[in-house]
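Naming: A, B, ... by sequence-line order, numbering from 1 per chain.
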Amino acid sequence: MPELPEVEGVVRDLKPLVEGKVIEHVLLSDVVHMSHADGKQTIVKGTDLDTFQLMVRDMKITKVERRAKYIFIHLMKNEESFVLVNHLGMTGAWFVVDDVTEITEEKFRKHVHAIFKLRNGQLFVFSDIRRFGELRFIKAISDHKPLTLMAPEPFDEDACDFFLAQCKKPKYEQKAIKEVIMDGQVISGCGNIYATESLFTTKIRPTKKVKSISKAKKIELFNAIVDVLKESIENGGSTISDYRSVNGGAGSMQDRLKMYSRKNCPVCLKETTSVVIAGRTSTYCPNCQK
DNA sequence: AGCACGCTCCGGGCGC
DNA sequence: TGCGCCCGGAGCGTG
């Protein structure tokens, strides 16, 4: 499950491999073609496949950038700029190879859905086992509304104040804190893993209502989120189930997680509890988190 | 208009 | 071995 740190790792790996390269053309899998023929928008969103394939042709990749859990692949042709927006979904992964057979893990190799042939001969490959990922070709970020509604980057100066302001809105203050910190319009890039961790380190029960948490405690929580995201970036992200960095690379943050998918609390050793909040499994220590 | 809710996309992995 | 069910980011349609 790639969250901000994992996406950051992918972007750091991709930059030296694809920035400055030119896309000759893109090939899409039979599955993508069949799904689109069936009226679905599997992986390629917002345009039909012909348009997508036509538009990326001969585009130069000028810059690869992370924003929240999105990867923005900035493109340029004839002095005109565009953005290829990518989301890894649950199981998306990028590979830069000379041949698809270099993708050694079968489950990624057999779910290759987009192959961008680069002018240097290499293949820039998007694989996605569950097809929750996204490739969206747009002129500018402002052309896709959800992207304009995202909270600031958590490392930005104004991010904490933005979080506090959002918490005061009626629609958020009645909700469980965990649901709110995982909302991309409140904090960017915090998913289940890092929400679970930060709530544990600040001893807040994930079900606690936003309005019943003091401002000081909210700031403490925000800082804990920033800290755990940074720690994870430094450790290459958490490699859990289907997350891979570029070319199948792994991180080691999963070994440092204190609460996520734990059966016992590492502090008091009591059994942890799991509840479902907004459809997501939320693990906490009933003894340490109040 | 703005919000809440449910649905959808899917295959791997698990329990039985 | 095989079947059925569960899981989950995020956008979107509905009420």
Side-chain angles (χ1 to χ4, degrees), chain A residues 1-8 10 28-47 49 66-72 85-93 103 105-114 126-138 141-151 154 166-176 178-196 206 209-210 225 229 237-244 248 254 260-261 263 274-283:
Chain A
M1 277 158 269
E3 301 180 29
L4 185 151
E6 291 73 34
V7 179
E8 178 67 23
V10 170
L28 302 167
S29 69
D30 291 346
V31 167
V32 167
H33 279 286
M34 289 191 292
S35 302
H36 273 252
D38 218 17
K40 297 174 191 167
Q41 294 205 18
T42 301
I43 299 181
V44 176
K45 316 281 188 192
T47 52
L49 301 184
R66 181 191 59 72
R67 173 73 175 93
K69 299 180 205 170
Y70 287 89
I71 299 173
F72 292 165
V85 176
N86 169 239
H87 196 292
L88 301 175
M90 302 292 299
T91 54
I103 300 170
E105 279 186 279
E106 190 192 357
K107 62 181 175 177
F108 287 99
R109 192 175 60 247
K110 74 183 220 193
H111 294 284
V112 163
H113 292 299
F126 185 63
S127 167
D128 189 355
I129 299 165
R130 284 187 225 180
R131 306 178 211 163
F132 280 17
E134 167 178 341
L135 289 170
R136 182 186 299 272
F137 184 92
I138 53 178
I141 297 307
S142 56
D143 289 347
H144 187 54
K145 192 161 180 218
L147 300 176
T148 67
L149 299 174
M150 289 191 290
Q166 291 292 71
C167 283
K168 283 190 180 163
K169 290 186 176 173
K171 73 163 172 171
Y172 291 122
E173 69 174 359
Q174 306 295 333
K175 288 185 174 174
K178 179 159 176 283
E179 178 174 1
V180 172
I181 62 175
M182 287 175 64
D183 187 320
Q185 295 183 28
V186 179
I187 295 179
S188 278
C190 182
N192 206 6
I193 297 171
Y194 303 110
T196 298
K209 296 277 184 279
V210 169
I225 292 168
L229 292 175
S238 302
T239 298
I240 294 170
S241 66
D242 296 325
Y243 165 71
R244 297 294 182 280
Q254 66 279 5
Y260 184 82
S261 77
K263 283 200 165 59
S274 284
V275 292
V276 175
I277 301 170
R280 289 166 199 122
T281 305
S282 307
T283 306

Partners meeting ring pair (Phe, Tyr, Trp, His ring centres under 6.0 Å) with A:Tyr243 (sequence neighbours left out): none

Got a list of protein N/O to nucleotides 5-7 of chain C N/O distances below 3.5 Å?
| from | atom 1 | to | atom 2 | distance (Å) |
| --- | --- | --- | --- | --- |
| C:dC7 | O2 | A:Arg130 | NH1 | 3.2 |

Can you tell me if NZ on A:Lys107 sees more than 12 non-hydrogen neighbours from other groups inside 6.0 Å? yes

In whole angstrom, give the distance that lies between atom OH of A:Tyr194 and atom P of C:dG9. 12 Å

Whole Å only: how far is the CD atom of A:Glu179 from the C1' atom of B:dC5? 11 Å

Would you jot down, in residue-number order, the residues of residues 33-40 of chain A having a non-hydrogen atom under 4.0 Å from DNA chain B? A:Ser35, A:Lys40

Touch check for A:Lys110, heavy atoms < 4.0 angstrom, all strands: base, sugar-phosphate only, or nothing? sugar-phosphate

Please determine if a side-chain N or O atom of A:His111 lies less than 4.0 Å away from the OP1 or OP2 oxygen of B:dG11. no

Whole-Å distance between C:dG8 P and A:Ile277 CD1? 12 Å

Contacts of A:Val31 and A:Lys107 projected onto DNA chain B by closest heavy atom; the upstream (5') one is A:Val31

Determine if A:Phe132 stacks with B:dC9; use a centre-to-centre distance below 5.5 Å and an interplanar angle below 30° as the criteria. yes

With sequence neighbours excluded, tell me which residues meet salt bridge (Lys or Arg N to Asp or Glu O under 4.0 Å) with A:Arg280. none

A:His87: which residues meet the ring pair (Phe, Tyr, Trp, His ring centres under 6.0 Å) condition with it, sequence neighbours left out? A:Tyr70

Return the value, rounded to whole Å, for the distance between atom CD of A:Gln166 and atom P of B:dC3. 10 Å

Among residues at least two apart in sequence or on other chains, which ones pass salt bridge (Lys or Arg N to Asp or Glu O under 4.0 Å) with A:Glu134? A:Arg136

Spell out, as yes or no, whether a donor-acceptor pair under 3.5 Å connects the side chain of A:Asn192 to the backbone of A:Thr281. yes

Is any side-chain N of the basic residue among A:Glu105 and A:Arg244 closer than 4.0 Å to the acidic one's carboxylate O? yes

Taking atom C1' of C:dG9 as reference, at what distance in whole Å does atom CD1 of A:Ile129 sit? 16 Å

Would you say the side chains of A:Thr148 and A:Ser142 form a donor-acceptor pair under 3.5 Å? no

Taking side-chain contact (heavy atoms from CB on, under 4.5 Å) as the definition, give me every residue that meets it alongside A:Lys171, ordered by chain and number, with sequence neighbours left out. none

Do A:Tyr260 and A:Ser238 have side chains that get closer than 4.5 Å, going by heavy atoms? no

Return a table of donor-acceptor pairs under 3.5 angstrom between the side chains of residues 37-45 of chain A and protein atoms on other chains or two or more places apart.
| from | atom 1 | to | atom 2 | distance (Å) |
| --- | --- | --- | --- | --- |
| A:Gln41 | OE1 | A:Gly46 | N | 2.7 |
| A:Thr42 | OG1 | A:Ser35 | OG | 3.4 |
| A:Lys45 | NZ | A:Gln41 | O | 3.1 |

At a cut-off of 3.5 Å, list every protein nitrogen or oxygen paired with a nitrogen or oxygen from nucleotides 14-16 of chain B, distance to 0.1 Å.
none

Evaluate the side-chain proximity of A:Asn86 to A:Phe126: yes if any heavy-atom separation is below 4.5 Å, no if none is. yes

List every contact pair, protein side and nucleotides 11-15 of chain C side both N or O, where the distance is under 3.5 Å.
| from | atom 1 | to | atom 2 | distance (Å) |
| --- | --- | --- | --- | --- |
| C:dG11 | OP1 | A:Tyr70 | OH | 2.6 |

Applying ring pair (Phe, Tyr, Trp, His ring centres under 6.0 Å), can you list everything that pairs with A:Phe132, at least two apart in sequence or on another chain? none

Measure the angle between the two terminal helix axes of the helix from B:dC3-C:dG15 to B:dC16-C:dG2, five base pairs each, and quote it to 10°. 50°

So, do A:Gln174 and A:Val210 sit near enough that their side-chain heavy atoms are less than 4.5 Å apart? no

Identify whether any heavy atom of A:Lys69 sits under 4.0 Å from a base atom; if not, whether one sits that close to sugar-phosphate; answer base, sugar-phosphate or nothing. sugar-phosphate

Give a yes/no answer on whether the side chain of A:Thr91 brings an N or O atom under 4.0 Å of OP1 or OP2 in B:dG11. no

